[in-house]
Novice: 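Quick one: structure below, then a few questions.
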Amino acid sequence: MSNTLFELSGKSALVTGGAQGLGRMIAEGLLRAGATVAITSRKANICKAAADEMASLGCCVALPADLSTPEAAVDLVARYRDAVGPCHILVNNAGKTWGGKIDDFPDKAWPGVMAVNVQTPFTMVRELLPELAAAGTADDPARVINIGSVAGIRTERLNAYSYAASKAAIHMLTRDLAGDLAERNITVNAVIPGFFPTKMTAHMRDADESVDPTLLAHIPLRRLGRADDIAGIVVFLCSRGGGYVTGAQIPVDGGIVGCG
């Protein structure tokens, strides 16, 4: 049993924002577990380069997409359908943020962040329902994983008001979708990352990748997350080992939420 518990051979996955950052870590983990993986990025050259690099791990398909509108999400699903076909796994990872002091935090910082972080994941699920329902069985459901944030659970003092609100919203949307889609053999869970070495935390690291000691003191395990940390939880949720988990919000944050 242990040899196949976390095996994903024969499964097809779509990871939005899968060319860089957390999405890239997740895509590589799914590929290593045996899945065929389609990735997106706003820039076609970055998307293709990432897919080419990950081809050594398995079948990786580049589907460039700017997911800032529902129309773009609908178009992406149509292209995924043509390029890959079935969908056993959807990882809604693509995200957007905006930071600024409350005194002059602009109204324009809200629509785009909420669209990418909340509406697009919903649209992706809605449009992929035929594929997800066809792929899922009672013993092996289809999987939807929404990537949230510790900023959507507790006050992180990031001055990223629309981002934090959007992540709280995706956590709740995850629970709503999980309840509605269980009867269709689709599980829906939220993975809630803490601080990882991505563009979003670049201002907390210096040129030689040393991390701000204040940030490390904030994390009970005293380190940033690693690729295996985020890939491991996603592979678990997508595998036979995670087939009985739905509606969960799982922090992968070195203890920030659980020990706070």
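Any value given below was found using the heavy atoms of this structure, including those in side chains, with hydrogens, waters and symmetry copies removed.
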Novice: Check whether Tyr163 reaches the backbone of Met114 with its side chain - one donor and one acceptor, N or O, closer than 3.5 Å.
Specialist: no
Novice: Taking the side chain from His171 and the backbone from Ser149, do they hold a donor-acceptor pair closer than 3.5 Å?
Specialist: yes
Novice: Closest approach of Ala164 and Ala151, non-hydrogen atoms and distance?
Specialist: CB-O, 3.4 Å
Novice: Check whether any side-chain heavy atom of Leu215 lies under 4.5 Å from a side-chain heavy atom of Ile219, and answer yes or no.
Specialist: yes
Novice: Hey, any chance Leu22 and Ile46 share a hydrophobic cluster, counting ILVMFWY side chains that come within less than 4.5 Å of each other, even indirectly?
Specialist: no
Novice: Quick one, Arg240 with Glu7, criterion side chain to side chain contact (heavy atoms under 4.5 Å, CB included). Give me CA distance, side-chain angles, the key distance, then yes/no.
Specialist: CA-CA 8 Å; Arg240 191 161 55 87; Glu7 173 66 40; over 6 Å; no
Novice: Is there side-chain contact between Trp98 and Phe105, with at least one heavy-atom pair below 4.5 Å?
Specialist: yes
Novice: Flag the pair Cys60 / Glu28 as yes when at least one side-chain heavy-atom distance between them is below 4.5 Å, and no otherwise.
Specialist: no
Novice: Check whether any side-chain N or O of Ser166 sits under 3.5 Å from a backbone N or O of Asn117 as a donor-acceptor pair, and report yes or no.
Specialist: no
Novice: Between Phe6 and Phe236, how do the two ring planes meet: parallel, tilted or perpendicular, split at 30° and 60°?
Specialist: tilted
Novice: Checking one residue: Val257. Which other hydrophobic residues are in its cluster under the side-chain 4.5 Å linking rule?
Specialist: Val150, Ile153, Ile192
Novice: Heavy atoms only: give me the nearest Ala160-Thr97 pair and the separation to one decimal.
Specialist: CB-OG1, 4.1 Å
Novice: May I ask you to say whether Glu53 pairs ionically with Arg24, meaning some side-chain N is under 4.0 Å from a carboxylate O?
Specialist: yes
Novice: Could you walk me through whether Ser239 and Leu8 pass side chain to side chain contact (heavy atoms under 4.5 Å, CB included), step by step?
Specialist: CA-CA 6 Å; Ser239 72; Leu8 297 178; 4.1 Å; yes
Novice: Thr40 and side-chain contact (heavy atoms from CB on, under 4.5 Å): which partner among Leu14, Asn93, Val15, Asp66?
Specialist: Leu14
Novice: Determine whether Leu237 and Ile250 satisfy the following criterion, side chain to side chain contact (heavy atoms under 4.5 Å, CB included), listing intermediate values before the conclusion.
Specialist: CA-CA 10 Å; Leu237 287 171; Ile250 305 175; 3.9 Å; yes
Novice: Considering non-hydrogen atoms only, spot the tightest contact between Phe195 and His218 and give its length.
Specialist: CE1-CD2, 4.0 Å
Novice: Examine distances only and state if a side-chain atom of Thr36 and a backbone atom of Cys59 form a donor-acceptor pair shorter than 3.5 Å.
Specialist: no
Novice: Taking the side chain from Asp253 and the backbone from Pro193, do they hold a donor-acceptor pair closer than 3.5 Å?
Specialist: no
Novice: Partners of Arg143 by side-chain hydrogen bond (donor to acceptor under 3.5 Å, both in side chains), sequence neighbours excluded?
Specialist: Asp140
Novice: If only atom types and distance count, is the side chain of Lys167 paired as donor or acceptor with the main-chain N or O of Ile147 below 3.5 Å?
Specialist: yes
Novice: Sequence neighbours left out, what passes salt bridge (Lys or Arg N to Asp or Glu O under 4.0 Å) with Asp52? Give chain and number order.
Specialist: Lys48
Novice: Between the main-chain N or O of Ser68 and the side-chain N or O of Arg42, is there a donor-acceptor pair closer than 3.5 Å?
Specialist: no
Novice: Are Leu173 and Val116 linked, directly or through intermediate hydrophobic residues, by side-chain heavy-atom contacts shorter than 4.5 Å (ILVMFWY only)?
Specialist: no
Novice: Answer yes or no: is there a donor N or O on one side and an acceptor on the other, between the side chain of Thr120 and the main chain of Ala115, under 3.5 Å?
Specialist: yes
Novice: Side chains of Leu129 and Ile186: does their closest heavy-atom pair fall under 4.5 Å?
Specialist: yes
Novice: Which residues pass the side-chain hydrogen bond (donor to acceptor under 3.5 Å, both in side chains) test with Thr16, sequence neighbours left out?
Specialist: none
Novice: Is it true that, when you exclude Asp82 itself, more than 12 heavy atoms of the residues, nucleotides or ligands shown sit nearer than 6.0 Å to its CG?
Specialist: yes
Novice: Around Arg154, counting heavy atoms of other residues, nucleotides and ligands shown, do more than 12 lie under 6.0 Å from its CZ?
Specialist: yes
Novice: Looking only at heavy atoms, what is the nearest atom pair of Thr214 and Asp212, with distance?
Specialist: N-OD1, 2.9 Å
Novice: Hey, could you give me each pair passing salt bridge (charged side-chain N to carboxylate O under 4.0 Å, His left out) that has a residue in residues 121-132? Not counting sequence neighbours.
Specialist: Arg81-Glu131
Novice: Which other residues belong to the hydrophobic cluster containing Tyr244, where Ile, Leu, Val, Met, Phe, Trp and Tyr are joined when side-chain heavy atoms lie under 4.5 Å apart, directly or via other members?
Specialist: none
Novice: So, does Asp180 use its side chain to make a donor-acceptor pair with the main chain of Leu177 at under 3.5 Å?
Specialist: no
Novice: Are any side-chain N or O atoms of Asn189 and backbone N or O atoms of Val245, one a donor and one an acceptor, separated by less than 3.5 Å?
Specialist: yes
Novice: Taking all non-hydrogen atoms of both residues into account, name the closest pair between Pro70 and Gln119 and its distance.
Specialist: CG-NE2, 3.7 Å
Novice: In this structure, would Leu5 and Val235 fall into the same cluster of hydrophobic residues linked by side-chain contacts under 4.5 Å?
Specialist: yes
Novice: Let me check something: do Val125 and Val84 share a hydrophobic cluster, defined by ILVMFWY side-chain heavy atoms less than 4.5 Å apart, either directly or through other members?
Specialist: yes
Novice: For the residue pair Cys87 and Ala135, what are the closest heavy atoms and their distance?
Specialist: O-CB, 3.4 Å
Novice: For Met124 and Leu90: C-alpha separation, side-chain torsions, deciding distance, then whether side chain to side chain contact (heavy atoms under 4.5 Å, CB included) applies.
Specialist: CA-CA 8 Å; Met124 293 295 299; Leu90 168 63; 3.9 Å; yes
